[in-house]
Student: 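Take this structure, written in structure tokens, and hold onto it; I'll ask about it next.
Side chains are part of it too, since the values below use all heavy atoms of this structure and drop only hydrogens, waters and symmetry mates. Lettering follows sequence order; numbering is per chain, from 1. Predicted model, so just to flag it, every value in this text is computed and none were measured.
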Amino acid sequence: AQSVTQPDIHITVSEGASLELRCNYSYGATPYLFWYVQSPGQGLQLLLKYFSGDTLVQGIKGFEAEFKRSQSSFNLRKPSVHWSDAAEYFCAVGAGGATNKLIFGTGTLLAVQP
Amino acid sequence: EAGVAQSPRYKIIEKRQSVAFWCNPISGHATLYWYQQILGQGPKLLIQFQNNGVVDDSQLPKDRFSAERLKGVDSTLKIQPAKLEDSAVYLCASSLLTTGELFFGEGSRLTVL
């Protein structure tokens, strides 16, 4: 069965520091992978997605993620975090095909220290 | 372009009462989804519509949850009777295609006492 694991429930970084949020997935075929961000009281916003091709994908707000098939990972990175990046981040895998059913991880809550 | 609209934003009810949530997707989006997000967990798909037909409702607790999408536009999710464990944020999302990007509404937060 498909699943997504985000091992870090909560991460605190200093403003200006680099960030890496971990995501591991379980899926038999080539997965569709997504990162979403959710600010308090808001819906989820898509940061980036991987369907195929280049394994390093660029997203909005300066985020990028790298698909590593050998490690079943899709980690999210940002070289310099801004205070406005404080939010909850969700990794998701999609079955694709005729449906777009997303299976989400449990999320990583990011706090940014001044 | 207007986003996905949901109402009400907040609802508090007692167990065994009923509640309904409404969603208006982005204009032209054929696919509509209802997700349940329990505190501390990621969103879980409850039901997916393609136009006014159900594509996937395998995780919808059909003994108490129901959803409809009349005329392939707006959708309503109903819970009757509500249980304490139904306390969650109910997120509606829509996409242009079945494999396209999902756009989420701000959600409806339900508290069952």
Student: For chain B, which of A:L109, A:L46, A:V4 has the most heavy-atom pairs under 4.5 Å?
Tutor: A:L46
Student: Do you know which two heavy atoms are closest between A:Y36 and B:L102, and how far apart they sit?
Tutor: OH-CB, 3.6 Å
Student: For B:Q37, which atoms come within 4.5 Å of any heavy atom of chain A: side chain, backbone, both, or neither?
Tutor: side chain
Student: Ignoring hydrogens, what is the shortest heavy-atom contact between A:F90 and B:Q41? Give both atom names and the distance.
Tutor: CE2-O, 4.0 Å
Student: Linking I/L/V/M/F/W/Y whenever their side-chain heavy atoms sit closer than 4.5 Å, directly or via other members, would B:V73 and B:Y33 fall into one cluster?
Tutor: no
Student: Which region of A:Q38, side chain (C-beta onward) or backbone (N, CA, C, O), has a non-hydrogen atom less than 4.5 Å from a non-hydrogen atom of chain B, or is it both or neither?
Tutor: side chain
Student: Measuring from B:L45:CG to A:L102:CG, what's the distance to the nearest 0.5 Å?
Tutor: 8.0 Å
Student: Any donor-acceptor pair under 3.5 Å linking the side chain of B:R109 with the backbone of A:G41?
Tutor: no
Student: Does any heavy atom of chain A fall under 4.5 Å from the side chain of B:S108, the backbone, both, or neither of them?
Tutor: neither
Student: Flag yes if more than 12 heavy atoms outside B:W22 fall under 6.0 Å of its CH2 atom; otherwise flag no.
Tutor: yes
Student: If you count heavy atoms of other groups shown closer than 6.0 angstrom to NZ of B:K71, is the number above 12?
Tutor: no
Student: Just checking A:I9: does its CD1 atom have more than 12 heavy atoms from other residues, nucleotides or ligands closer to it than 6.0 angstrom?
Tutor: no
Student: Would you say A:Y32 and A:L44 are hydrophobically clustered, going by side-chain heavy atoms of ILVMFWY under 4.5 Å?
Tutor: yes
Student: B:F49 and B:Y35: same hydrophobic cluster, using ILVMFWY side-chain contacts below 4.5 Å?
Tutor: no
Student: Once rounded to the nearest 0.5 Å, what's the spacing between atom CD of A:Q42 and atom CZ of B:F104?
Tutor: 14.0 Å
Student: Please check if the number of heavy atoms outside B:L39 that lie under 6.0 Å from its CG is greater than 12.
Tutor: no
